[in-house]
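What follows is a short report on a single structure.
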Amino acid sequence: MQSLTMNQTALSQPNHWYQTNQPNTNSFTKNPIQFLRFRQNDKQNLQLLRFALNPSSQVPPVVVVGSANADIYVELDRLPKEGETISAKSGQTLAGGKGANQACCGAKLSHPTYFIGQVGNDAHGNLLADALRDGGVRLDYLTVVPSAPTGHAVVMLQSSGQNSIVIVGGANMSCWPQSLPPQHLEVITSAGIVMLQREIPDFINVQVAKAAWNAGVPVIFDAGGIDAPIPQELLGFVDIFSPNESELARLTGLPTESFEEITQAAVRCHKLGVEQVLVKLGSKGSALFIEGEEPIQQPAIFAKTVIDTTGAGDTFTAAFAVAFVEGKSKKECLRFAAAAASLCVQVKGAIPSMPDRKSVLELLNHH
């Protein structure tokens, strides 16, 4: 068995870290859903199913490989102009990072969820481990990296609820082994679905996506994170590509102001080898573009009050993944995700705002 590099330590070794006592992933029954490949003209006639409050314990897990950040919140009336210094109304540090957000969302939605990622041996690392543990995420594959700080982000939150974010990669972007250890690959290939983002190195995402693809495990790739071209090799192993409007525009070089323009940008993604494009449209809802089929649109489920949009996209993507691996139709997946995102924006913080399954189902039942 290949060991981690010398500058890494397994998370379970220090006594102050949370150690899970969960069964080995091999105990999960292989689900036919995980072998579905999203190929052109491949029709899926899944039965429209109701969402259970307590899903079966035998469903294969969601596995999230990605980032964990300490989000340093600064509340402002407005963003500072160039060269300007302004005072913040308040500031606090909360757990976040796209990978950790999505893992915590999956676990809070009562689906077994594993997180593979890295944090530093510092207070921010402890904060993230505690938050993930409290959210029900299985931490068997979280690693502490003594030679790098925990990743963090400065979130400038305006009174409107909109935010601007600056990310410092830290352990998310450094000290990864050149080849993932066998135990990591084992849980990836035993998953019901694998989730990736762009806040860890591309070469890790490629390894994970290739291993999942070869095992018949669907891969959802969130476009959020590094603003750089995506390796073509990575896109070749992705089943569902999930950008928001601005990410879709940057990555395709096409405008995304209207639905027609968004459709053309999705077609560009199809030409790059991705057959399903799940676009998050904020207050305009979402749309799933499947090559060779009509788009499926989902209106937003409007929140009573928008407090903070941080983590809403991660909540949407993770909720879609949970519904999918539980065998729901695409329309149901979109609706479940819309309800989860609606609840998310009503609470400040990323991980603290992730809704539980009961709250999502109650909203769906009354909407």
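Along the sequence shown, residues are numbered consecutively beginning with 1. Heavy-atom basis, side chains included; hydrogens, waters and symmetry copies ignored.
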Separation of Leu272 CG from Leu234 CG (nearest 0.5 Å): 11.5 Å

Residues Arg78 and Glu84 bridged, charged N to O under 4.0 Å: yes

Exam field: side chain Ser190 to backbone Val187, donor-acceptor pair closer than 3.5 Å: no

Atom pair CG/CD of Leu251 and Glu247 - distance to nearest 0.5 Å: 7.0 Å

Test: Asp222 and Arg198 ion pair at under 4.0 Å: no

N/O donor-acceptor pair under 3.5 Å between Glu186 side chain and Pro182 backbone: no

Side-chain touch Phe320/Ile240, heavy atoms, less than 4.5 angstrom: yes

Any side-chain donor near an acceptor of the partner, His111 and Glu326, under 3.5 Å: yes

Under 3.5 Å: donor-acceptor pair, side chain of Thr315, backbone of Cys344: no

Plane angle bin for Phe221 and Phe241 - parallel if under 30°, tilted between 30 and 60°, otherwise perpendicular: tilted

Neighbour count above 12 (heavy atom, 6.0 Å) for Gln232 CD: yes

Any side-chain donor near an acceptor of the partner, Asn163 and Thr309, under 3.5 Å: yes

Side-chain heavy-atom pair Leu363, Ser342 within 4.5 angstrom cut-off: yes

With Thr317, the side chain to side chain donor-acceptor pair (under 3.5 Å) member among Gln102, Gln197, Lys280: Lys280

Validation row: Val194, Pro218 side chains within 4.5 angstrom (heavy atoms): no

Close side-chain approach of Val277 and Val267, heavy atoms under 4.5 Å: no

Rounded distance (nearest 0.5 Å) linking atom CD of Gln276 with atom CD1 of Ile290: 4.5 Å

Side-chain (Thr150) to main-chain (Gly120) donor-acceptor, under 3.5 angstrom: yes

Residue pair His152, Asp71: steps toward the side chain to side chain contact (heavy atoms under 4.5 Å, CB included) verdict: CA-CA 6 Å; His152 53 282; Asp71 289 343; over 6 Å; no

Side chain to side chain donor-acceptor pair (under 3.5 Å) against Lys284, all qualifying residues, sequence neighbours excluded: Glu245

Enclosure of Arg268 CZ (heavy-atom neighbours >12, cutoff 6.0 Å): no

Test item: Val360 and Phe336 side chains (from C-beta on) under 4.5 Å apart, heavy atoms: yes

Verdict with reasoning, Val345 to Asp308, per side chain to side chain contact (heavy atoms under 4.5 Å, CB included): CA-CA 5 Å; Val345 300; Asp308 181 11; over 6 Å; no

Worked check of side chain to side chain contact (heavy atoms under 4.5 Å, CB included) between Val145 and Asn121: CA-CA 6 Å; Val145 182; Asn121 188 17; over 6 Å; no

Polar side-chain atom of Ser359 near backbone of Pro355 as donor-acceptor pair, under 3.5 Å: no

Gln298 versus Ser286, side-chain donor and acceptor atoms under 3.5 Å: no

Minimum side-chain heavy-atom gap Ile226-Met173 below 4.5 Å: yes

Asn172 and Gln118, any side-chain heavy atoms less than 4.5 Å apart: no

Polar contact flag, side-chain donor to acceptor under 3.5 angstrom, Ser246-Asn244: yes

Minimum side-chain heavy-atom gap Val63-Met195 below 4.5 Å: no

Spacing of Lys271 atom NZ and Glu291 atom CD [to the nearest 0.5 Å]: 10.0 Å

Step-by-step side chain to side chain contact (heavy atoms under 4.5 Å, CB included) determination, Ile296 to Lys331: CA-CA 7 Å; Ile296 304 172; Lys331 288 184 178 180; 3.7 Å; yes

Tyr114-Tyr141 aromatic ring centre distance below 6.0 Å: yes

Heavy-atom donor-acceptor pair, Gln207 side chain to Gln178 backbone, under 3.5 Å: yes

Atom pair CG/CD1 of Asp134 and Ile351 - distance to nearest 0.5 Å: 10.0 Å

Side chain to side chain donor-acceptor pair (under 3.5 Å) partners for Gln92, two or more places apart: Lys348

Separation of Ile116 CD1 from Leu139 CG (nearest 0.5 Å): 11.5 Å

Identified side-chain contact (heavy atoms from CB on, under 4.5 Å) partner of Val155 from the options Thr93, Ile165, Val74, Asn69: Ile165

Lys89 atom NZ: more than 12 heavy-atom contacts under 6.0 Å: yes

Salt bridge present between Asp314 and Lys98 (N-O < 4.0 angstrom): yes

Gln346/Thr305 under side chain to side chain donor-acceptor pair (under 3.5 Å): CA gap, chis, key distance, verdict: CA-CA 6 Å; Gln346 300 180 54; Thr305 305; 5.9 Å; no

